[in-house]
Amino acid sequence: EQLQVAKAKKEDVMAVFKKHKEEVEGKLIARLLDKNFEVIKEVPVRDLVRTLKTENTKTASIVFDGVITQRLIDVAAKKEISYLVGVRLGNVVKIPTSVKIITFDKL
């Protein structure tokens with residue numbers, strides 16, 4: 001029974017990410033989402049790392065139209081962000097266990 005709940009929750013999460021993905025894809029924007037997967041803010045992808053470093057938003061997930069880089073993963077881990085959803089994974093050496101990576105082709 002517990003497993004069913006976890007599985008259902010994961011599918012809901014993926015469905016939410018898919019919706020956000022469809023809305024950012026091709027627009028070079030990033031969506032910062034709170035723990036309820038509501039949009040806190042939208043920023044251009046090129047400003048994403050800077051925004052995360054300088055702003056104190058309670059971001060829980062990010063869905064963005066760009067490549068998931070090591071730099072972004074490191075910042076996400078520091079900011080306790082749970083999910084990074086991007087077009088594809090760049091040249092990444094290490095992924096902390098606290099950050100879940102989802103590429104667009106998995107949605």
Side-chain angles (χ1 to χ4, degrees):
E1 183 126 331
Q2 198 69 45
L3 192 66
Q4 284 305 108
V5 173
K7 193 173 184 310
K9 195 169 185 292
K10 187 173 189 299
E11 281 167 11
D12 291 347
V13 167
M14 294 302 256
V16 170
F17 285 150
K18 190 172 168 40
K19 181 178 89 62
H20 287 297
K21 172 211 133 170
E22 285 161 2
E23 291 169 13
V24 302
E25 203 167 14
K27 298 195 180 92
L28 296 176
I29 57 174
R31 277 192 175 168
L32 280 52
L33 309 177
D34 65 17
K35 64 182 189 322
N36 299 316
F37 307 104
E38 299 291 334
V39 178
I40 300 171
K41 186 175 188 148
E42 279 189 0
V43 298
V45 168
R46 67 173 183 276
D47 297 338
L48 181 56
V49 171
R50 190 175 70 230
T51 301
L52 291 175
K53 281 183 167 172
T54 56
E55 294 207 5
N56 224 346
T57 51
K58 285 275 172 241
T59 305
S61 308
I62 297 170
V63 180
F64 72 110
D65 184 37
V67 177
I68 301 165
T69 60
Q70 185 70 61
R71 191 161 142 243
L72 185 56
I73 292 170
D74 294 343
V75 174
K78 209 173 275 147
K79 291 282 184 176
E80 299 177 357
I81 291 167
S82 308
Y83 291 96
L84 277 178
V85 184
V87 178
R88 63 184 173 80
L89 201 51
N91 234 338
V92 172
V93 198
K94 63 179 199 343
I95 299 174
T97 50
S98 61
V99 182
K100 290 174 194 60
I101 305 286
I102 303 170
T103 52
F104 280 6
D105 59 355
K106 299 269 192 301
L107 291 174

Nearest 0.5 angstrom please: Tyr83 OH to Leu33 CG, how far?
11.5 Å
Residue pair Val39 / Arg31: nearest heavy atoms and the distance that separates them
CG2-CD, 3.7 Å
Single-linkage hydrophobic cluster, 4.5 Å side-chain cutoff, Leu107 and Ile101 together:
no
Are Ile81 and Leu32 in one and the same hydrophobic cluster, where Ile, Leu, Val, Met, Phe, Trp and Tyr link if side-chain heavy atoms are under 4.5 Å apart?
yes
Is Val99 reachable from Phe64 through a run of hydrophobic residues whose side-chain heavy atoms are each under 4.5 Å from the next?
yes
Do Asp34 side-chain atoms and Ile40 backbone N/O form a donor-acceptor pair below 3.5 Å?
no
Would the number of heavy atoms belonging to other residues, nucleotides or ligands and lying under 6.0 Å from NZ of Lys100 be above 12?
yes
Drop me the distance from Thr103's OG1 to Lys21's NZ, to the nearest 0.5 angstrom.
9.5 Å
Checking Asp65 side chain against Glu25 main chain: does a donor-acceptor pair fall under 3.5 Å?
no
Donor-acceptor contact present, side-chain Gln70 to main-chain Val93, <3.5 Å:
yes
Minimum-distance pair of heavy atoms, taken over all atoms of Lys27 and Glu23
NZ-O, 2.8 Å
CG on Leu89 to CD1 on Ile68, rounded to 0.5 Å
5.5 Å
How long is the span from the CG atom in Leu52 to the OG1 atom in Thr59, to the nearest 0.5 Å?
6.0 Å
Name the one of Lys79, Lys94, Lys53 that satisfies salt bridge (Lys or Arg N to Asp or Glu O under 4.0 Å) with Asp74?
Lys94
Is the number of heavy atoms from other residues, nucleotides or ligands under 6.0 Å of Asp105 CG greater than 12?
yes
Just jot down the side chain to side chain donor-acceptor pair (under 3.5 Å) partners of Glu11, sequence neighbours excluded, or say none.
Lys7
For the atom pair CD (Glu80) and NZ (Lys58), what is the distance rounded to the nearest 0.5 Å?
7.5 Å
Is it true that Val67 and Val75 fall in one hydrophobic cluster, defined by side-chain heavy atoms closer than 4.5 Å?
no
Should Val24 and Val13 be counted in the same cluster of Ile, Leu, Val, Met, Phe, Trp and Tyr side chains packed under 4.5 Å apart?
yes
Please assess Val49 against Arg71 for the test side chain to side chain contact (heavy atoms under 4.5 Å, CB included), listing each intermediate value before the final yes or no.
CA-CA 8 Å; Val49 171; Arg71 191 161 142 243; 3.5 Å; yes
Smallest heavy-atom separation, Ile73 atom then Pro96 atom, equals CG2-CD, 3.3 Å
Find the distance between CG (Asp47) and CD (Glu55) and round it off to the nearest 0.5 Å.
10.0 Å
